[in-house]
Structure formats: C-alpha cells, structure tokens
Undergrad: 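First the structure, then my questions, so here it is.
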Amino acid sequence: MTQSIGQTLPGLIRLHEAARRDRRLRFNNLLHHVMVELLEKAYYGLNRRAASGVDGEDWKSYGEGLQARLIELHTRLHTNRYKPQHVKRIWLTKANGKQRPIGIAAIEDKVVQQALAWILEAIYERDFLGFSYGFRPGRSQHQALDAVYMAITVRKISWVLDADIKGFFDAIDHTWMMRFLAHRIADKRLLRIIERTLKCGVDENGKRERTVVGTPQGAVLSPLLGNIYLHYVLDLWVHQWRKRMARGEMTIVRYADDSVIGLQHRDDGQRFVRELKERLGKFGLSLNDEKTRLIEFGRFAQNNRAQRGKGKPETFDFLGFTHMCSRRRSDGGFTLKRYTIAKRQREKLKQVKQVLKRTRHRHRFDVGRWLKRVVQGYLNYFAVPGNRRALDAFRAEVCRAWLRALRRRSQKGAGLPWKKMARLIRQFIPSVRVLHPYPNQRLRV
DNA sequence: GCTGTGCTTAC
RNA sequence: UUUGUAAGCACAGC
C-alpha cells in the first residue's frame, strides 16, 4: 500500500495518529503546521508542466526567488491577509464535440492548497469509510472494480442501483461544506482560508464572476473536499441505512460521485432510492435521472427473470466498464463479465490513428518506441479479469493502425522495418501468427 | 524502497 | 488556452 506524501511528514504523522485515537477530536491551531518548509514541499510536489493561472505565473517562473516568496506568503497566511486569486476558466472541446469548462488556479494558490490538502488528509483518511475509493491515497479504480466484483459474486445481491449525482462538484453547498469541516476542525483561521478558496471566483477572458456554489474546478483541494462532503452526506448515512433499514443484504462502492449499490431485495432498492433522493436533496444534490437505474442483476437474476418470462438481465456501466451477467463455460455457474465500454475504445483508437497519421511527416520520430509505450499504458487498464477479449481486440487494432501508417510511409520511399515490426507484434499479441511479408508484401495480424 | 521522464485509466 | 486527485505500467537513475 502506498502512502501520500502528507502521511510521511513528521508533523502530520502526529495529526494522523491523534485523529485515529479520538474520532471526535476537533483540531485547533492547525495553521501552525503550515510552515515555510511545508509550503516549499508543496511547491515541489506540484505538476511542473501545468499551464499558468490568471496571473500568468507558471511553476518555473514562481521558482525564481522562491524562498522570499514563500516567506512572504507564509506571513500573509498567518496574518489573515491571504486571498486566493480568481481561477482562470478555459473551455475544452471533448471527443463528442461538447464543451467542458476547466479551471486553472494560480500557482501560489496551488501551493497553499497542496499544503492544506496534506493537513486535511492526515485527519480525514482516518474517518473515511472503506467503500469510498475515489481520490484517496493507496486506492485505485481497479480496487473499486474488484470490490464490486466481490460484492456481486459472493454476497446475496439480486438488484443493483447505479447512482450518479448530477453535476456534483458544481453543486456542493458552501455553508454545508464549512459545517462538515467544523466537525473535525476548530481552527477558525484555517476554515477561513478554505472558505476563501471556495469563494475565489472565476475569470473568463477578464470577465470575473463570483462563485457562490460548488468547489472550484482544477483546485488541488477539490477532490478531497468532495470526498469530505459525500462522507457526511452519503457514506455515514448509507452505513446507518444498511444496518438499520435494509431488510436483506446490501453493499456499496463509491468512486467520487459515482456509486454502485447492491441489494438483496427489490423493495429495499426502491425504498433506498426514494430516501436517497430525499437525503441528497437536503444538501443541494440530486441524482442524474438518465444515469440512475435500479436493475435486476446478479447470481439469481438470470433464473428469476427466466421464470417471469423476461430476457437476459440488463447491464450497468461503472468506472469505464460495462458489467454483465454471464455463465462460466466449465460448470455453467454465475460470473460477472466486464468489458471496456465499446464507445470509449473506439474513441481511443481514433486518437491513436490520428497520432500515427501525424508521425508520417516526422522522420526522427521512432514509431515503434512510441507505440510500445502507448500500448503498454493500455495493458494495465484492459488487463482486468474478464476483459481479455477486449484487450486482444484492442492490441490487434492498434497494430493494424500502425501497419497502415508504416505502409503509407513506405510509399514515400522509406523502407519498412519488417523484422522489428514482427517482433513487436509478437510481443503484444503472443497468440497471433505473424507471417513474413515477402514475397507478397503482406503482413497479416 | 525512493526519485525522475514517458504513457494510460477513473472521476 | 489541457486544470485537479488517485492508481497502474514502461524506461532511466540512486
């Protein structure tokens, strides 16, 4: 299990342990942990190649005269004179053509937020419940997927609720957020800095707006604040509901604002959705109705549905995979099958082809090396148990795209490195027979 | 075990 | 004009 940097800093380890010893302790005088030394560590922990914020300052330029700047920042923080700058808003075009806003905080504010994030993390990592996976040190989307797999295959789960919170990060209520933080933090100065960060405002081409709701996009602190919000709004509540209200078995896996809830009984599911909506509503949140469904799913769903004259169970999407009910080939028992969401795979392939197309014109670019890195990056993602088919299909597709690009290059007079290609393809798809291209100049994958 | 490049995914 | 957190992989170094 890996740890975050925050958990290795001497002062913060003590915080971490104090939080564990006393679950109700409210921490005072937290701001004294924000020392010049911590700010410096925070600076070096930031992404060095990130774009500059509203003041045009990037990582490198901020580093000139760093010590003096950090000392000055430190005194501003401790004399209540620190005010975060506006977050620069830019619009990105997504793969599907829609526009998505992104926020770029000023580098100085990122430094402050990184230091605060380490402090909050030292406290809250002890409080968070085991079924929360998103944005937490030592926890990944694969672990969340495994948890869903285990829940559905070993527990008595017949119904699955796939719940998605509508515009979660933009919907966070500042007043509630500050109240939640006050459960663990008594230091008014620290709370004030966090509140100012929430209310820093956005700047779009010089036009400034206040932020009255939501946690700023692109802020270092945002993922952690989101987890803290849902810890109080959802996690603790679900935990109680499972113990007190559920008639049958119940499991939950949450990754940021995306949750999968497994239930034994249908009426538990229906009651839970109703009460969940009510609960979220109290805190300014609502479910995304198109993406939220209660479906019959699991070990018993196939037979139950067959008896009622219904078809195969429905499928649900979670963390990039389509989950479906299936049977083992050996004994016909239940298994959970996961496939990469087909649409995303096609989008990715399109991007790979685009890059390959561009490389035609760059001679000094080593396509083989690049492809090796790219495909290896994908390996980990696709190599989830039950998804072998998608992996092989994708690798084959990438190799074909690569071949086509090289073939075009050869038409421009460059020779084809057949031997090298054959070796690479064998490495990526061991099961495939790579035929030598001569004399008919065709390589089949 | 830790750092640093490069790449991928999730949200 | 490509932000944030987390995880993984490859390569390099100690």
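The structure displayed is predicted, hence computed values, not measured ones. Convention: sequence-line order gives letters A, B, ...; per-chain numbering from 1.
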Undergrad: Find the distance A/Gln141:CD to B/dT8:P and express it as a whole number of Å.
TA: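 It works out to 14 Å between those atoms.
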Undergrad: Looking just at side-chain N and O atoms, do A/Asp170 and A/Gln217 make a donor-acceptor pair shorter than 3.5 Å?
TA: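 Per modelled atom types, A/Asp170 and A/Gln217 side chains form a pair under 3.5 Å.
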Undergrad: Counting only Watson-Crick pairs (N1-N3 plus N6-O4 or O6-N4) and G-U wobbles (N1-O2, O6-N3), all under 3.5 Å, who is the partner of C/G4?
TA: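 Here C/G4 is engaged in a pair, and the nucleotide opposite it is B/dC11.
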Undergrad: Could you tell me how the ring of A/Tyr43 sits relative to the ring of A/Trp59: parallel (under 30°), tilted (30 to 60°) or perpendicular (over 60°)?
TA: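 Answer is parallel, since the angle falls under 30°.
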Undergrad: Could you check A/Tyr133 against A/Val253 for side-chain contact (heavy atoms from CB on, under 4.5 Å), going step by step and ending with a plain yes or no?
TA: CA-CA 7 Å; A/Tyr133 287 88; A/Val253 173; 3.8 Å; yes
Undergrad: Starting from P on B/dT9, measure out to CG on A/Leu145 and report it in whole angstrom.
TA: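 Whole-Å distance recorded here is 15 Å.
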Undergrad: Say whether A/Glu57 and A/Ser52, considering side chains only, have a donor N or O and an acceptor N or O under 3.5 Å apart.
TA: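 Judged by distance alone, the side chains do not pair up.
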Undergrad: Side chain of A/Tyr255 only, heavy atoms from C-beta on: which candidate in C/U2, B/dA10, B/dG6 is closest?
TA: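 Within the option list, the nearest is B/dA10.
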Undergrad: For atom C1', what is the distance between B/dT8 and C/U1, given to the nearest Å?
TA: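 Pairwise C1' distance, B/dT8 against C/U1, rounds to 24 Å.
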Undergrad: Send over the distance from A/Asp58 CG to C/U1 P, rounded to a whole Å.
TA: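 Atom-to-atom, A/Asp58 to C/U1, this comes out as 12 Å.
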Undergrad: Output the rounded distance in Å from CZ (A/Arg254) to P (B/dC11).
TA: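 Those two atoms, CZ and P, are 14 Å apart.
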Undergrad: Roughly, in whole Å, what's the span from CD1 in A/Ile102 to C1' in C/U2?
TA: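 Between C1' of C/U2 and CD1 of A/Ile102: 5 Å.
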Undergrad: Taking only the side-chain nitrogens and oxygens of A/Gln114, find out if one of them lies under 4.0 Å from OP1 or OP2 of C/U5.
TA: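 Yes.
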Undergrad: Considering only B/dG4, C/U2, C/G4, which nucleotide approaches the side chain of A/Phe135 most closely?
TA: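 Of B/dG4, C/U2, C/G4, C/G4 is nearest to the side chain of A/Phe135.
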Undergrad: Take atom CD1 of A/Ile341 and atom C1' of B/dA10, then tell me their distance rounded to the nearest Å.
TA: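 It is 11 Å, rounded to the nearest whole Å.
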Undergrad: Judged by each residue's nearest nucleotide on RNA chain C, which is more toward the 5′ side, A/Leu46 or A/Ser52?
TA: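 Looking at RNA chain C, the more 5' nearest nucleotide goes with A/Ser52.
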Undergrad: Rounded to the nearest Å, what distance is computed from the CZ atom of residue A/Phe321 to the P atom of nucleotide B/dC11?
TA: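 Between P of B/dC11 and CZ of A/Phe321: 10 Å.
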Undergrad: Who does B/dT3 pair with, Watson-Crick or G-U, both distances under 3.5 Å?
TA: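 With both distances under 3.5 Å, B/dT3 matches C/A12.
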Undergrad: Indicate the ring-plane relationship of A/Tyr229 and A/Phe168, choosing parallel, tilted or perpendicular according to the 30° and 60° boundaries.
TA: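 Rings of A/Tyr229 and A/Phe168: tilted, as their planes differ by 30° to 60°.
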Undergrad: A/Tyr133 or A/Gly218: which one's nearest nucleotide on RNA chain C is closer to the 5' end?
TA: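 Of the two residues, A/Gly218 wins.
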Undergrad: Just compare B/dG4, C/G4, B/dG6 and give me whichever is closest to any side-chain atom of A/Arg49.
TA: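 Ranking B/dG4, C/G4, B/dG6 by closest atom to the A/Arg49 side chain puts B/dG6 first.
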Undergrad: Which is true for A/Asn47 with a 4.0 Å heavy-atom rule: it touches a base, it touches only sugar-phosphate, or it touches nothing?
TA: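 A/Asn47: backbone/sugar contact only, no base atoms under 4.0 Å.
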Undergrad: For A/Lys88, which contact category applies under a 4.0 Å heavy-atom criterion: base, sugar-phosphate, or nothing?
TA: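 No contact at all - A/Lys88 keeps every heavy atom at 4.0 Å or more from the nucleic acid.
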Undergrad: Between C/G4, C/U1, C/A7, which nucleotide has the shortest distance from any of its atoms to the side chain of A/Ser140?
TA: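 That would be C/A7.
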Undergrad: Report which part of the nucleic acid A/Glu204 touches: base, sugar-phosphate, or nothing (heavy-atom distance under 4.0 Å, all strands).
TA: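 Answer is nothing: A/Glu204 stays at 4.0 Å or more from every strand.
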Undergrad: Can you confirm whether A/Arg293 is buried at CZ, in the sense that more than 12 heavy atoms of other residues, nucleotides or ligands lie under 6.0 Å from that atom?
TA: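 Atom CZ in A/Arg293 is crowded, with more than 12 foreign heavy atoms closer than 6.0 Å.
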Undergrad: Donor-acceptor pair under 3.5 Å: do we get one between A/Gln217's side chain and the base of C/U3?
TA: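 No.
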Undergrad: Please check the phosphate of B/dC11 (OP1 and OP2 only) for any side-chain N or O of A/Arg100 closer than 4.0 Å.
TA: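 For B/dC11, OP1/OP2 do not have a side-chain N/O of A/Arg100 under 4.0 Å.
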Undergrad: Could you give the CG-to-P distance, from A/Leu319 to C/A7, as a whole number of Å?
TA: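 In whole Å, C/A7 P lies 15 Å from A/Leu319 CG.
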